[in-house]
Amino acid sequence: MHVILEQIINGLTIGSFYALIALGYSMVYGVLKLINFAHGDFFTLGSYLGYTVLVFGAALLTAHFGLWGALMAALIFAGVSLAIVGLIVERVAYRPVYPAGRLPAVVSALGASIFLQNAIMVVWGPRFQAYPAALIPNVHIQLGNIHLTLLQIVILLLSFVLMGTLYYIVQKTTFGAAIRATAHDRKTASLMGININKVILFVFTLGPALGAVTGIMVGMYYRQISFTMGWNYGLKAFTASVLGGIGNIPGAMLGGLILGVLEMLGAAYISAAWKDVFVFIILILVLIFRPTGILGEKTAEKV
Amino acid sequence: MPERRTHAAGETVLETKGLTKIFGGLIAVNSLDLKVHKGEILSLIGPNGAGKTTVFNVVSGIYRPEFGEVFFRGERITGKKPHQIVSHGIARTFQNIRLFPDMTCRENVMAGRHCRSTSGLFSSIFRTPGQRTEEDMIKGTAEKRLRQVNLWKSRDDLAKNIAYGSQRMLEIARALASDPKLLVLDEPSSGLNPRETRDLMAFLQDIIREEDVTILLIEHDMNMVMGISDWVVVMDGGRKIAEEGIPDDIYADQRVIEAYLGKDDEDSTAYDVPAEH
Amino acid sequence: MERTPLNGIGRLASSRQLHIALATAVFLIYPFLVSDYFIDIAFYFGIYTLLGLSLNIVLGEVGLFDLGHAGFYAIGAYTTAILNTKFGIPILVLLPLSALAAALFAYVVCSPIIHLQGDYLLIVTLGMGEIVRLALINNPFDLTGGPNGVFGIDFPSLGPWLVIDSSLEYYFLIWLIVGLTILGLTRLQDSRIGRAWNYIREDETAANANGIDSRSYKLLAFVLGAALAGVAGNVYASKLMCVSPESFSFWESCLMFCIVLIGGMGSIPGVIIGAAFISLFPEIFRPFAMYRMLIFGSAMMLMMMFRPGGVWPRKRGAVKYESLLEGTGRSDA
Amino acid sequence: MKKFVLLVSVLFLVLGLGSAHAAKDTVVIGLQGPITGAWAYEGQMAKQSCEIAADLINKKGGILGGKKVVLKVEDDAGEPKSGALAAQKLVAQKDVVAVVSTYGSSVCEPASNIYEKFKKVNIGYGVTAVRLTQRDFSYFFRTCGRDDSQGKFFADFVPKKFNAKRIAIMHDNTAFGKGLAEDTRTALEPMVANGQAEIVYFDAITPGERDFRVSLTNLRETKPEVWYFTGYYAEAALLVSQARDIGITCPFVGGNAAINDEFVKIAGLSVAKGCYMTNEPLPGDLPYPEAKEFLEAYKAKFGDIPSSPWPIYAADALNIIAYAVDKSGTTDSAKLAAYLRDEVEGAPGITGPIGFTGQGDREGVPFYLYVVDDQGKIVVSK
């Protein structure tokens, strides 16, 4: 019993990474109906920027603000930088292409992804980079037979706070209503006086910023980052957002967490090697029987 | 005004019995009985959301009815797929024109011939004589129909590039290309100017006169309804509110006037929903 | 100015024939002028062209978002690899068998998912491609050799009379297949099947309402596309003499997707250009070492900025049709 | 279409002419390796090592009575298709006498097929799959060991050292990792048969992943007494730190790709210290004078010594080619291959005396057990 609980907590940790990245996919998709393939690389870039701050600025920052202050600085720096990068990519890669339809935007997005990934390789080199060890004291917590670390708890807390905040913004505020309205029907939303550009601005800053923060958490959790890691996480997170119902923000969170837990349980009780196969089969089955994902709403075409 | 054709003259082409279509909790079409006779033009009228388009969508197989049956020339076609229903001989157009925008007018009309041709993968790749003959026949029919609607000169233009009125006619030409026994037109005059509407009416009357075809129509333009219908059926709230009658009688019917003008507190918004699906 | 349609046809046809003749001549002479390395590059260009053509059926003609096409490619390659190394079946016999295996796989896998729309189909095909790749790595029934792959694959031969084992012969083999495929696909484009595919892409509901059984036609596109990808897999496996899962990653599917979109949806010359871009660009920019993929990514963005419809989109209505009913060639009704 | 074809043809021709032929007073040796891609780091170190080796030879007056050794590098990006193209490019250049090729067995396979067909001697430096030398090839050699020699070393040495009976073997599903894991299992079979050992865990993790807690929890439940991981350092570092987090305390032994300075950096000293690995002798531990000379030159030029053993094998591959050309006095491929196979015995190398078996395998590749010490240095375990 303790093993399965432990596996579920592990699954929730990795699931919260997927969920935070999936939010970026889902928000952009909701508003622009565009799969932002570069989003996984936003996550990587955020991770590397945080790494740079923590490695090169840590001494200075720690002296003034303490360890947690340095960490906050890294999170804020990476988040803000990626918000800017997100806007630039939107301007350069998507806005000029978007009027021509969704498919050219897919190629452009893949191009942006290759570009970002290789830019990271050129700047930081092809090697794995090691995150500074013990940013957060390496405290082991044992509850009965369940092994946890302090870091794991901090990460889970931070993820849930971020998701909760976003959930609040989207579901309870006027601006959130504008986002949901745009996702539901862009044309009508703009007729109702919603500033679509503002909404696009919002999703292209907040999504990458969330990705960047996730990147730093991944770096701290695994202490190792590489320039290609965004591809793998991006694929999983995108899968998660479709599982939850793409374009649906609570769906992306739910999808991420479910995917994380499924993956861990698949690995634990089926086979580590076949776990991704297991995850994809579940995904396909969900889509066959519920083609719009778990929380996605059915939108029928007017005939 | 042309002389009326009578019921007795023709056999029943289309018949629905107790047709019911429900969306969620909303009854869009409520046990509708409808008969369309050979060689006539029957118009289905009613306020927005009365369920007219839903009837069309059930008849053409896009929706599956919850209850009731659809018979076409004596054969039960309830629940068949749209593509099967076309080959039975029912062709339709759409309320908001649905052409193949990035294909030429000629290719659009050739689509109508699809159900009347049979060439498969191998005969297409190897260009067998049979396939070539068939292609020529498809192209011939397309040409004939294009000429009928005066669009032969636009044959190589993309459908999205021709005028709106021409697009309406092109869609009708496409439907006619399958040599249907029943032509189902969903608001064919909407968006047309009075002259185009007159041309359309004349065209439909020509078709009815010259070919073995029956027309079922949804129409809002009362001039057109009065001008060409043999029979009119009025729907409201998914039901038939007046038995089919000749246009002049329907025009005078109190229930029809109420349905169109509204009786103050009828929740007319509820009707709008089904057609959206 | 008076435009006579017959003249138009004549001009177009002759310039088209001229182009084809020229292209054929260049392709025939080219390998005799260069070293094996350049012949091999042209060979892989051929492989990508075939893959592009195969995905073009699904994505370009029917408009179905298939991001798992490398899965079919893998099925073809592994069918060849396994049957050849385990049972010694000749490669040329396996050519149709690989196509068949990939087609069968596509039929079985796509049947339950074919009703999905747009991006949902995309993610399901993506998942399918990944499942294939992961299965190959995990070595089911000890068939696929796991991450090592299968090695020791033969070259194509027909007894002692026809032996294909040099770069030159592989070059001709792949381009012969590409040529035949182009011929077949051009004919399909101008047939009721090709048109039916296009109708579905343009408006599926309207296509159904015009008597097109969209489900069967979509399946047919997948099956045919998979079969061609299977052929590409067969040639690739015998050329490399070994196959391993890393050759069939999600990235390969992305490249095929780009080939179709860079060239222009549903356009056969477009596919050739897209394949040229994808296979030649990284080779040409090899001297730029680690910057070459930066350039590659930027080029993809720029292309879509300036040619969002593709470099060579399919032009409809370019050929002016004459009347079949009047026989005079007069075009005005 | 026409313009396009012309453009492409012109580009090809320009590129073809670009590869100008070298002068007659040089001996050109090729190097095929992953200069870009996921293994770029290894490829670039191999390039540097070969440059140093060539420099050293040239400084001593070259070979064949004064001819200089020139290195010709082709990138294979660490993938099979590009590997085949790189090989094709090298065999097309007639002045390339022999090739040092390459890192990664699945890249080497198609490339060595091409070298074999065009009769060009090729010597692998980071290719340990057993099957590569079981193909009866005449032109393929390798300076590194094979997976099974390492597996055998593990079976002979490790269980005894830790007095361990319950053995867990974990691999990463890559060609290399899985191969080594399976060879180790095979090598342990006799001990399993007579009850001296028990393999309690044998499974894969997925490379590129970051979370292995599930697999590790399963591993923990099997209560192993020693744990052998045959994959790469990137995953190894994560595995060990996560294993310690969830309470796995048994000794960790990595294969020869698992532990290096990066491993120590990522895992952190507290976790890394006391981790073992089976390995070919590291550059710094090589007792030979050639090694000392090479490493000094390398350090002088690049500031540090190579952090993995493979680049050294690349340098040795170049050395043995130069040696064979010089001693046999021929650049003819067939004669060169025969000479390497039959005549070369105890030739001087950075990694010790070099000789080849009839199949092309290196004769006598030694293995050591290494351990990370308290300062994070990787030292030979006593």
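Sequence lines set the chain letters: A, B, ... in the order given, protein chains first and strands last, and positions in each chain run from 1.
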Q: Would you compute the distance between atom CE of C:M128 and atom CG of A:L283 and round it to the nearest 0.5 angstrom?
A: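 Those atoms lie 12.5 Å apart.
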Q: Within this structure, what is the CD1-SG distance for the pair A:I114 and C:C258, rounded to the nearest 0.5 Å?
A: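 Result: 6.5 Å between the selected atoms.
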Q: I would like to know whether A:V277 and C:E130 meet side chain to side chain contact (heavy atoms under 4.5 Å, CB included); could you show each step before the answer?
A: CA-CA 8 Å; A:V277 174; C:E130 282 295 282; over 6 Å; no
Q: Using only non-hydrogen atoms and a strict under-4.5 angstrom cutoff, which residues of residues 20-29 of chain A touch chain C?
A: A:Y29
Q: First locate atom CD1 of C:I123, then atom CG of A:L287, and finally report the distance between them rounded to the nearest 0.5 Å.
A: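 C:I123 CD1 to A:L287 CG: 7.5 Å, rounded to 0.5 Å.
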Q: Examine whether an atom of C:A135 lies under 4.5 Å from a heavy atom of chain A, and if so say whether it belongs to the side chain, the backbone or both; otherwise answer neither.
A: both
Q: Do C:L134 and A:W274 have side-chain heavy atoms sitting under 4.5 Å apart?
A: no
Q: Minimum heavy-atom separation for C:P308 to A:P104, with atom names?
A: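 Result for this residue pair: O-CG, 3.1 Å.
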Q: Could you give the distance from CG (C:L59) to CG (A:L103), rounded to the nearest 0.5 Å?
A: 6.5 Å
Q: Tell me which of these, C:A209, C:A299, C:P112, has more heavy-atom pairs under 4.5 Å with chain A than the rest.
A: C:P112
Q: In terms of relative ring orientation, are A:W231 and C:W251 parallel, tilted or perpendicular, with 30° and 60° separating the classes?
A: perpendicular
Q: Taking A:V97, A:V107, A:V279, A:I246 one by one, which has the highest count of heavy-atom pairs under 4.5 Å against chain C?
A: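 Result: the option with the highest number of such pairs is A:V107.
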Q: Among C:I131, C:L261, C:N138, C:V124, who wins on heavy-atom pairs under 4.5 Å with chain A?
A: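 Winner by heavy-atom pair count: C:N138.
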Q: For A:A93 and C:M301, work out which heavy atoms get closest and say how close.
A: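 A:A93 and C:M301 have their closest heavy atoms at CB-SD, 3.6 Å.
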Q: Are C:M300 and A:L110 close enough, and set up right, to give a side chain to side chain contact (heavy atoms under 4.5 Å, CB included), and what steps lead you there?
A: CA-CA 8 Å; C:M300 278 166 73; A:L110 282 169; 3.8 Å; yes
Q: Check each atom of C:L116 against the heavy atoms of chain A and say whether the ones under 4.5 Å are side chain, backbone, both or neither.
A: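 Interface part for C:L116: side chain.
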Q: Quick one: CE on C:M305 to CZ on A:R95, what's the gap to the nearest 0.5 Å?
A: 12.5 Å
Q: Using non-hydrogen atoms only, which part of C:L67 is less than 4.5 Å away from chain A: side chain, backbone, both, or neither?
A: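 For C:L67, the side chain is the part near chain A, not the backbone.
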Q: Which pair of non-hydrogen atoms, one from A:F280 and one from C:G127, has the smallest distance, and what is that distance?
A: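 Answer, listing the atom of A:F280 first, then C:G127: CD2-CA, 3.5 Å.
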Q: For each of A:V92, A:L116, A:V242, tally heavy-atom pairs with chain C at distances under 4.5 Å, and name the one with the top tally.
A: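 The residue among A:V92, A:L116, A:V242 with the greatest pair count is A:V242.
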Q: What part of C:L122 lies closer than 4.5 angstrom to a heavy atom of chain A: side chain, backbone, both or neither?
A: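 Only the side chain of C:L122 comes within 4.5 Å of chain A.
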Q: Go through the atoms of C:Y120 and report whether side chain, backbone, both or neither lie under 4.5 Å from a heavy atom of chain A.
A: both
Q: Answer with side chain, backbone, both or neither: which region of C:F306 has an atom nearer than 4.5 Å to a non-hydrogen atom of chain A?
A: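 Looking at C:F306, nothing touches chain A.
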Q: Could you tell me which portion of A:F278 (side chain, backbone, both or neither) has an atom closer than 4.5 angstrom to a non-hydrogen atom of chain C?
A: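 Neither; nothing under 4.5 Å.
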Q: C:L126 versus chain A, heavy atoms under 4.5 Å apart: side chain, backbone, both or neither?
A: side chain
Q: Would you find more than 12 non-hydrogen atoms of other residues, nucleotides or ligands less than 6.0 Å from C:Y107 atom OH?
A: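 No, because the 6.0 Å sphere around OH of C:Y107 holds 12 heavy atoms or fewer from other groups.
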Q: What residues of residues 211-218 of chain C sit under 4.5 Å from chain A when only non-hydrogen atoms are counted?
A: none
Q: If I measure from the heavy atoms of chain A, does C:M265 come under 4.5 Å with its side chain, its backbone, both, or neither?
A: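 Contact with chain A: side chain only.
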